[in-house]
Visitor: 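To start, I am sharing the structure in question, which I have written as C-alpha cells.
Convention: sequence-line order gives letters A, B, ...; per-chain numbering from 1. In this text the structure is predicted, and so the values were computed from the model without any measurement.
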Number of protein chains: 2
Amino acid sequence: MVHQQFAALGDPTRLAIVERLARGPASAGDLAAPTTMSLPAVLKHVRVLEDAGLVTTAKRGRVRECRLRDDALVAVATWTAQQQALWSTRLDALGTLLEDM
Amino acid sequence: MVHQQFAALGDPTRLAIVERLARGPASAGDLAAPTTMSLPAVLKHVRVLEDAGLVTTAKRGRVRECRLRDDALVAVATWTAQQQALWSTRLDALGTLLEDM
DNA sequence: GCAACAGTAAACCGTATGGTTCACCAACAG
DNA sequence: CTGTTGGTGAACCATACGGTTTACTGTTGC
C-alpha cells in the first residue's frame, strides 16, 4: 500500500517532520516547537505517519518519543526505482527501434 | 516542491495512472477504460499529475495523449535517497558509539 | 501534595478533494 | 451533411482533511 505512504508525505508539514526525524528522534513537543501549529495538530500528523508505517512512537514517562522507522522509505524507493526502470527501458526500446530504421 | 509530487502520487487512482503510463503513453480514454470512473474524473486526475510535473499531455486531433515525463520521478528518488542516507548514517554513528563503549 | 508540563480526546469548523451529471464543442467516418 | 466519438467546462455534492479550542489525564519537580 505505497499510496498511503505517498499520501502521508504529500503534506508539507508531515514531510518536514520526516526530514526532522531523519536527523534523529524527537518528542512531540520538539516537533511542534519550530512550527506555528498547536500540539494536537502536530500529533495528528504524527499519527498519520505512524499509520503509514513511516514512524514509530513510544511513550517514555509523559513524553512521546517519535522516531523514523528503519525501513520507512524502502517501499517508496523500490516503487520509484521500478517505475523508472520500466519507463527508461521503454525509452531504450524506442531508441534502438529508431536506430534500426 | 517535492511534496506536491508526493501528494499527486498519494491517490490510488493517480498512482495507477502513473504505473500505466510507465508502460507507455496512452489517451485519456485508454486511462479511463479499466476504471469504473467517468472520463471527466480521470482527466481531473491527469491534470493534477500534470501540475505536479509528473506527466505531459498533448492533443492530437480530438484525442489527448498522456505520457510520463522523462524526469518525472527524479525529485522523488533523490529526496528519498537523501533522507535514507541521513538516517542510516545516524544509525551508523549509533553503531560505532555502541562499539566504543 | 501541588503546580506546572506533555500529551490526549472530543467537538467543532472551513475548505479542499474526489466524484458525479449535463451541456457543449471539435474532429472523424460514412 | 450528419451522426458518433473523445474530450471539456461548469455546476453541484458528500466527505475527508487540516486546523482550532477546550477540557481532561497522567508525570514530574519542588
Visitor: Of all nucleotides in DNA chain D that come within under 4.0 Å of a heavy atom of chain A, which is furthest toward the 5' end and which toward the 3' end?
Guide: D/dG18 to D/dT28

Visitor: For B/Trp79 and B/Gln5, run side-chain hydrogen bond (donor to acceptor under 3.5 Å, both in side chains): C-alpha distance rounded to whole Å, both residues' side-chain angles, the deciding distance at 0.1 Å, then the answer.
Guide: CA-CA 11 Å; B/Trp79 182 89; B/Gln5 312 206 335; over 6 Å; no

Visitor: Tell me whether the OP1 or OP2 atom of C/dA6 has a side-chain N or O from A/Arg60 closer than 4.0 Å.
Guide: no

Visitor: Looking at A/His45 and A/Arg14, what are the two nearest heavy atoms and their distance?
Guide: ND1-NH1, 3.2 Å

Visitor: Can you tell me if A/Arg64 touches the phosphate of C/dT8, counting only side-chain N or O atoms and a distance under 4.0 Å to OP1 or OP2?
Guide: yes

Visitor: Find the distance B/Lys44:NZ to C/dA16:P and express it as a whole number of Å.
Guide: 14 Å

Visitor: Treating B/Arg64 as the side-chain partner and B/Ala28 as the backbone partner, does any N or O pair qualify as donor plus acceptor under 3.5 Å?
Guide: no

Visitor: Nearest-Å distance, CE (A/Met37) to P (C/dA6)?
Guide: 18 Å

Visitor: Looking at every strand, decide which applies to B/Ala41 at a 4.0 Å heavy-atom threshold: base, sugar-phosphate, or nothing.
Guide: base

Visitor: Between P on C/dA9 and CZ on A/Arg62, what's the gap in Å once rounded to a whole number?
Guide: 18 Å

Visitor: Output, in order, the C-alpha distance, side-chain angles, deciding distance and verdict of side-chain hydrogen bond (donor to acceptor under 3.5 Å, both in side chains) for B/Glu50 and B/Thr57.
Guide: CA-CA 8 Å; B/Glu50 215 175 346; B/Thr57 77; 3.2 Å; yes

Visitor: If we fit an axis to the first five pairs and another to the last five of the helix from C/dG1-D/dC30 to C/dG30-D/dC1, what angle do they make, to the nearest 10°?
Guide: 30°

Visitor: Closest nucleotide of DNA chain D for A/Arg14 versus for B/Val63: which of these residues is on the 5' side?
Guide: B/Val63

Visitor: In whole angstroms, how far is the P atom of C/dA9 from the CG atom of A/Leu39?
Guide: 13 Å

Visitor: Is any side-chain heavy atom of A/Arg47 less than 4.5 Å from a side-chain heavy atom of A/Asp51?
Guide: yes

Visitor: In the structure I gave you, are the side-chain heavy atoms of A/Thr13 and A/Met37 within less than 4.5 Å of one another anywhere?
Guide: yes

Visitor: Figure out the NZ/C1' separation between B/Lys59 and C/dC25, and round it to whole Å.
Guide: 9 Å

Visitor: Once you round it to whole Å, what is the distance between P of C/dG19 and CG of B/Leu43?
Guide: 13 Å

Visitor: So A/Arg67 and A/Leu21, do their side chains get closer than 4.5 Å, heavy atoms only?
Guide: no

Visitor: To the nearest Å, how far apart are A/Asp30 CG and C/dC5 C1'?
Guide: 14 Å

Visitor: At under 4.0 Å between heavy atoms, what does B/Arg47 touch on the DNA or RNA strands: base, sugar-phosphate, or nothing?
Guide: nothing

Visitor: So A/Arg23 and B/Leu86, do their side chains get closer than 4.5 Å, heavy atoms only?
Guide: yes

Visitor: From B/Arg20 CZ over to B/Cys66 SG, what is the distance, rounded to the nearest 0.5 angstrom?
Guide: 10.0 Å

